[in-house]
Amino acid sequence: MTPPLVSVIIPAYNYCDFIGETLRSLVAQTYPYWEAIVVDDGSTDDTRRVVEQWVKRETRIRYFYQSNKGLPAARNAGLTQAKGSYIQFLDADDLLSPMKLALQVEQMESRPEISISYTRAFYFRGGKTEVLYAQLRGKGNSGVSFADGRGYVITALLVEKNLMPVNSVLMRSAVIQKVGLQNERLTSLEDWEFWLRCAFKGLYFAMLQDDQAYALIRVHQASMSQQSFRMYENEVSLRNLIDRFLLEPGMSIEEERQLRKKNEQQKLRLETFPLRRAGFLQLSYIGKLIRKIGFVSFLKVYFKALNDWRRGR
């Protein structure tokens, strides 16, 4: 019996300096049954040349070019070409540990209830993978949350925050038929919105806790995780989408109430971002905020933002 094929979706935009290393980490996988679908999203650098050199010597890699449409559209284009039973998203500047695919396929083949498996993820700077960080800013414990299950427990975690980076996930291709493609209207956080749709549909999430299975995320000036204002704007949109998801049937009245409360708390947290950008003594913005959320809520937001600023968050 032939082992299942893994389709690795690699969107690329002006990452000629990094994509060779990304493809090298893929070729180094101990699991050999994969195909790589590189979607060049209108690059103006040497991305095409670099990838085509890899295509000539590695038949498992395929290259597609499209005019620039954004990251979610590039991933979706790759998904329409995928032939595998499993899907691995891999950004063109990131890496996978050598045993990641093998260990996740083994986990999911032994547990057919799992739709979405994810692993730990680490950050690295300047190409130095020998020095890894658990957090984007290089301090603190891992931002990846352990979860195993479906329904309210998973949904509640995802309403609070994204559980995992997109490259840490291996999912069944059948997930796409159940929830659809990624949301192309979001310019960031599209993976988080996708996992939320999966959770609201009752799909099973599981973390593979194995030290040999992990994703490596490169931190550099151009990486999307560094673009804080865009992330803020998209989280505002995402929070409004969650309100819509909560209108769909499938959960108890009490579960809906609790999830709505969690979402409102996170919306309030979001108010700290523009407050920090505007400055703590900007009276015009402070007045707008008080009118918008009320004086008591403003005090909570103000002192939360001030505390975060003092801690350097």
Side-chain angles (χ1 to χ4, degrees), residues 1-12 22-23 25-27 29-41 58-64 66 69-92 94 96-97 99-119 121 147-151 154-155 158 162-184 186 190-208 213 215:
M1 181 178 175
T2 304
L5 178 69
V6 176
S7 294
V8 184
I9 312 298
I10 306 176
T22 297
L23 293 172
S25 85
L26 187 53
V27 171
Q29 291 296 301
T30 61
Y31 188 82
Y33 303 101
W34 54 263
E35 62 169 356
I37 302 166
V38 179
V39 179
D40 185 342
D41 190 39
E58 177 53 75
T59 59
R60 292 174 292 180
I61 300 173
R62 292 189 282 153
Y63 172 82
F64 298 89
Q66 67 178 26
K69 298 177 182 177
L71 180 60
R75 288 202 188 116
N76 288 343
L79 287 170
T80 62
Q81 298 292 333
K83 302 174 182 176
S85 301
Y86 293 100
I87 302 292
Q88 164 76 55
F89 293 116
L90 178 58
D91 289 349
D94 295 337
L96 304 177
S97 67
M99 292 191 67
K100 182 180 186 294
L101 294 183
L103 291 168
Q104 282 185 290
V105 169
E106 180 183 2
Q107 177 201 35
M108 296 183 78
E109 288 292 285
S110 65
R111 294 183 60 188
E113 77 276 13
I114 298 175
S115 293
I116 296 165
S117 166
Y118 65 101
T119 65
D148 195 318
R150 58 160 56 95
I154 297 294
T155 308
L158 278 165
N162 196 358
L163 291 181
M164 62 286 192
V166 66
N167 299 328
S168 73
V169 169
L170 185 73
M171 70 180 187
R172 298 187 194 276
S173 57
V175 169
I176 302 300
Q177 280 72 54
K178 292 180 180 177
V179 303
L181 296 170
Q182 293 202 341
N183 187 339
E184 297 182 13
L186 294 174
E190 70 292 325
D191 55 324
W192 186 5
E193 190 267 352
F194 184 80
W195 310 138
L196 276 161
R197 277 189 278 142
C198 292
F200 275 99
K201 290 288 186 183
L203 300 186
Y204 200 109
F205 289 69
M207 182 178 180
L208 174 63

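For the atom pair Ile37 CD1 and Thr80 OG1, the distance stands at 8.0 Å (nearest 0.5 Å). Put simply, CD1 on Ile9 and CZ on Phe89 are 6.5 Å apart, with the number rounded to the nearest 0.5 Å. Taking OG from Ser7 and CG from Leu170, the interatomic distance works out to 10.0 Å, rounded to the nearest 0.5 Å. Of the inter-residue distances, the one linking Phe194 atom CZ with Leu158 atom CG reads 12.0 Å to the nearest 0.5 angstrom. Distance CZ/Arg60 to CZ/Arg62: 13.5 Å, rounded to 0.5 Å. Separation of atoms OH (Tyr204) and SG (Cys198) is listed at 15.0 Å; rounding is to 0.5 Å.
Applying the 6.0 Å contact sphere to CD of Glu35 captures more than 12 heavy atoms from other residues, nucleotides or ligands. Under a cut-off of 6.0 angstrom, the local environment of OH in Tyr31 is crowded, with over 12 non-hydrogen atoms contributed by other residues, nucleotides or ligands.
Side-chain contact between Trp195 and Val166: present, with at least one pair of heavy atoms (C-beta onward) separated by less than 4.5 Å. For the pair Glu190 and Asn76, the minimum side-chain heavy-atom distance is 4.5 Å or more. At a threshold of 4.5 Å between non-hydrogen side-chain atoms, the residues Ile10 and Leu26 count as touching. Contact of the Val27 side chain with the Trp34 side chain is registered, since non-hydrogen atoms from C-beta on lie closer than 4.5 Å.
A side chain to side chain contact (heavy atoms under 4.5 Å, CB included) with Leu23 is found for exactly one of Val8, Leu90, Val38, namely Val38.
The backbone N or O of Met99 sits nowhere less than 3.5 Å from a side-chain atom of Thr30 that would complete a donor-acceptor pair. At distances below 3.5 Å, at least one donor-acceptor pair connects side-chain atoms of Gln29 with backbone N or O atoms of Ser97. A donor-acceptor distance shorter than 3.5 angstrom exists from the side chain of Arg150 to the backbone of Gly202, with no hydrogens or angles considered. Looking at Asp41, its side chain does come within 3.5 Å of a backbone N or O of Lys69 through a donor-acceptor pair. Between the side chain of Ser173 and the main chain of Gly84, a donor-acceptor pair closer than 3.5 Å is present. Using modelled atom types, one side-chain atom of Asn167 and one backbone atom of Asp91 make a donor-acceptor pair closer than 3.5 Å. At least one donor-acceptor pair under 3.5 Å links the side chain of Tyr118 to the backbone N or O of Ala147. Formation of a donor-acceptor pair under 3.5 Å by the Arg197 side chain with backbone atoms of Leu181 is found in this model.
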Kindly indicate, with the supporting measurements, whether the criterion side chain to side chain donor-acceptor pair (under 3.5 Å) is fulfilled by Gln182 and Asp191. CA-CA 7 Å; Gln182 293 202 341; Asp191 55 324; over 6 Å; no
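Residues Met108 and Ile114 share a closest heavy-atom pair of CE-O, 3.6 Å. Ser25 approaches Leu96 most closely through the heavy-atom pair OG-N, 3.4 Å. Across every non-hydrogen atom of Thr119 and Met207, the tightest pair is C-CE, 4.2 Å. Arg172 approaches Glu109 most closely through the heavy-atom pair NH1-OE2, 4.4 Å. Taking every heavy atom of both residues into account, Ile87 and Ala82 meet most closely at CD1-CB, 3.9 Å. For Gln104 against Ser117, the heavy-atom pair with the smallest separation is NE2-OG, 3.0 Å.
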